[in-house]
Asks: 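This is the structure I have questions about; it appears just below.
Heavy-atom basis, side chains included; hydrogens, waters and symmetry copies ignored. Convention: sequence-line order gives letters A, B, ...; per-chain numbering from 1.
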Amino acid sequence: MPELPEVEIVKQSLNKIVKFKTISKVIVNNRNLRFKIPKNFEKSLKKKKITKIFRKSKYVIFQINFEQYLIMHLGMSGTIHMSDKGNKKNTNISFYHGRDLPEKHNHLIFFFDKFKVIYNDPRRFGFVKIMKSKDELIKYFSKLGPEPLGNKFNTNYLKQKFNKSIKNIKNSLLDQNLVSGIGNIYASEILFRSKINPLKKVENLTLSEIRKIISKTKFVLSHAINKGGSSIRDFKNVSGFKGNYQKEFMAYSRENYLCLNRGCESKIIKININNRATYYCKNCQK
DNA sequence: CCGTTAACCTGAGAGC
DNA sequence: TGCTCTCAGGTTAACG
C-alpha cells in the first residue's frame with residue numbers, strides 16, 4: 001500500500017519523534033504478521049535506544065544501540081500511530097483505512113518515556129524483523145534493486161537490464177529486484193508521464209524512452225515526497241497534515257476521465273496487468 | 001533459469 | 001438492513 005514516497009514520509013515523521021529515544025517496553029498483541037514475530041522480540045528491544053532511522057525501498061529501518069537493526073515493512077495496510085501517555089486519543093502519523101483507529105489491529109506497541117508508538121495493520125501483510133548486525137542487514141537487502149532516486153538507477157543500468165527481458169514495462173517497474181520502491185500507483189503515473197504503453201515489452205524500448213522512464217520516475221517520486229505522499233483515504237504525517245500528491249494523479253484511479261494531456265480527447269482506460277489495476281491513455285501512451 | 005498465477009488477510013463499498 | 005461480490009498503495013511460493 002504505501003510506496004516509496006509514503007514510507008519516506010512515515011520515516012521522516014518517526015525521525016522527529018523517536019530518534020535518540022529509549023524504548024521502555026514493547027507489547028506484541030498479535031505475533032502473526034506476514035512472518036511470525038519471534039518470542040525474544042520484545043526482550044531484544046527493551047531499554048534499547050533508537051540511534052538512527054532511515055528508509056530503504058519500502059522499508060523503515062531503526063538502528064538500535066548503534067549495532068542492531070529493526071526493519072519494518074507496512075505491507076498493504078500497515079500504519080503508524082502515536083499517543084501521549086494518558087491520552088487515549090491516537091494520532092495517525094501515516095495513514096489508515098476509515099475514520100477511526102481500528103484498535104483491534106494494533107499489533108505492536110512501542111512504549112517510550114512520554115508516549116507510545118503503535119503499529120496497526122488490518123491485513124497483516126506487513127512485518128517486522130530484527131537484524132543482529134550491519135552485515136546481516138546488508139545481506140537481507142542484497143537482492144533488492146537500486147533506489148529509484150539514486151545515481152545507480154540510470155540509463156545504462158536499465159538498458160542492460162532490459163536487454164534480455166521479455167517482460168512488459170509495467171511489471172518491470174514493480175519488480176523490486178530491478179528497482180526498489182515503486183508500487184502500483186506510481187508505476188501508472190510514471191508511464192503516463194513517459195508516454196509509454198504499460199504493456200510495451202522492455203526489449204523494444206528505445207534509448208530515449210528509457211531516458212524518459214528514468215527522468216519521470218525521479219520526477220514523480222520526488223514530487224510526491226515534496227507533496228507529503230499520496231493520501232488515498234486518510235494518510236497524514238506526524239504534524240497531522242494530509243499528503244497531497246493524489247491531487248496530481250494523471251492516470252491512477254482516473255478510469256473514464258478525460259486524459260489530461262493538452263489536446264487529447266481520449267479517456268483513461270483501466271486494464272489488469274498481473275492482477276493489478278493499470279491506468280493509461282491509449283492515445284498518448286505508445 | 002524465467003515469467004506468471006495464486007495465495008496470504010481484512011474491510012470498504014457497490015449492487016441487489 | 002443485510003447479503004454477496006469485487007476491489008485494495010505488496011510480496012512470494014509454486015507452477016508451467
Asks: Let me know which of A:Y257, A:F192, A:Y252 forms a ring-ring contact (aromatic ring centres under 6.0 Å, His included) with A:Y279.
Replies: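 Single ring-ring contact (aromatic ring centres under 6.0 Å, His included) partner of A:Y279 among A:Y257, A:F192, A:Y252: A:Y252.
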Asks: A:Q176 CD to C:dT12 P: how many Å, rounded?
Replies: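 Roughly 9 Å, once rounded to whole Å.
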Asks: Round to a whole Å and report the spacing from CG of A:N32 to P of B:dT10.
Replies: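 Checked: the CG to P distance equals 10 Å.
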Asks: Just checking, A:K25 and A:F111: is the charged tip under 6.0 Å from the six-membered ring centre and within 45° of the axis?
Replies: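 That pair qualifies as a cation-pi contact.
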Asks: According to the Watson-Crick and G-U wobble definitions, with both distances under 3.5 Å, which nucleotide is paired to C:dG9?
Replies: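 Partner of C:dG9: none.
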Asks: In whole Å, measure the gap between the P atoms of C:dT6 and B:dA6 for me.
Replies: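 Their P atoms lie roughly 15 Å apart.
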Asks: When the distance from CG of A:L174 to C1' of C:dG10 is rounded to whole Å, what number comes out?
Replies: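 Distance check: A:L174 CG to C:dG10 C1' gives 9 Å.
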Asks: Do the side chain of A:R123 and the base of B:dC9 come within less than 3.5 angstrom through a donor-acceptor pair of N or O atoms?
Replies: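 Yes, a donor-acceptor pair under 3.5 Å.
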Asks: Under 4.0 angstrom, heavy atoms only, what part of the nucleic acid is A:K270 near: base, sugar-phosphate, or nothing?
Replies: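 Sugar-phosphate, no base atom in range.
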Asks: How many Å lie between CG on A:N177 and C1' on C:dT11, as a whole number?
Replies: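 Nearest whole value for this atom pair: 11 Å.
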Asks: Taking the side chain as C-beta and beyond, is there a heavy-atom pair between A:I71 and A:V128 under 4.5 Å?
Replies: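 The answer is no, as the side chains (C-beta and beyond) never meet within the 4.5 Å cut-off.
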Asks: B:dC9, C:dG10, B:dG11: which one has an atom nearest the side-chain heavy atoms of A:P122?
Replies: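 The listed nucleotide nearest to A:P122's side chain is B:dG11.
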Asks: Spell out protein contact along nucleotides 1-7 of chain B as letters: B when the base is contacted, S when just the sugar-phosphate is, - when no protein heavy atom is under 4.0 Å; keep the 5' to 3' order.
Replies: --SSB--
Asks: Could you check how far CZ of A:R276 sits from P of C:dA8, rounded to whole Å?
Replies: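 These atoms are roughly 8 Å apart.
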Asks: Return the nearest nucleotide to the side chain of A:R124; candidates are B:dT10, C:dT11, C:dA8.
Replies: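 Among the listed nucleotides, the one closest to the side chain of A:R124 is B:dT10.
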Asks: Using purine N1 to pyrimidine N3 plus N6-O4 or O6-N4 for Watson-Crick, or N1-O2 and O6-N3 for G-U wobble, each under 3.5 Å, what pairs with B:dC9?
Replies: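 WC or wobble partner does not exist here.
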Asks: Under 4.0 Å from OP1 or OP2 of B:dT10: is there any side-chain N or O of A:H105 that close?
Replies: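 Checking B:dT10 against A:H105, no side-chain N or O comes under 4.0 Å of OP1 or OP2.
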Asks: Measure NZ/A:K104 against P/B:dC9 and give the value in whole Å, please.
Replies: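 After rounding, the reported distance stands at 15 Å.
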Asks: Quick one: do A:E209 and A:K286 make a salt bridge, cutoff under 4.0 Å?
Replies: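 Answer for the salt bridge query: no.
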Asks: Could you check whether any side-chain N or O of A:S13 sits under 3.5 Å from a backbone N or O of A:I9, counting only pairs where one atom can act as donor and the other as acceptor?
Replies: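 Side chain of A:S13 to backbone of A:I9, a donor-acceptor pair under 3.5 Å: yes, one is there.
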Asks: OP1 or OP2 of C:dG9 less than 4.0 angstrom from a side-chain nitrogen or oxygen of A:K58, does that happen here?
Replies: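 No, outside the criterion.
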Asks: Are the side chain of A:S180 and the backbone N or O of A:G145 linked by a donor-acceptor pair below 3.5 Å?
Replies: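 Such a contact is found between A:S180 side chain and A:G145 backbone.
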Asks: Could you state the NE2-C1' distance from A:H107 to B:dC8, rounded to the nearest angstrom?
Replies: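 About 14 Å, once rounded to whole Å.
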Asks: Is there aromatic stacking of A:F125 on B:dC8 here, judged by a ring-centre distance under 5.5 Å and a plane angle under 30°?
Replies: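 By the stated criterion, A:F125 and B:dC8 stack.
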Asks: Do the side-chain N or O atoms of A:R34 get closer than 4.0 angstrom to the phosphate oxygens (OP1, OP2) of C:dT11?
Replies: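 For A:R34, the contact criterion (side-chain N or O under 4.0 Å from OP1 or OP2 of C:dT11) is not met.
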Asks: Considering only atom P, compute the distance from B:dC9 to C:dA14 and round it to an integer number of Å.
Replies: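 About 14 Å, rounded to a whole number of Å.
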Asks: Can you confirm whether more than 12 heavy atoms, excluding those of A:K129, are under 6.0 Å from its NZ atom?
Replies: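 Enclosed: over 12 neighbouring heavy atoms sit under 6.0 Å from NZ of A:K129.
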Asks: Just by distance, do the side chain of A:N29 and the backbone of A:N106 share a donor-acceptor pair under 3.5 Å?
Replies: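 Yes: the side chain of A:N29 pairs with the backbone of A:N106.
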Asks: How many Å lie between CG on A:L4 and C1' on C:dG9, as a whole number?
Replies: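 So the two atoms are 12 Å apart, to the nearest Å.
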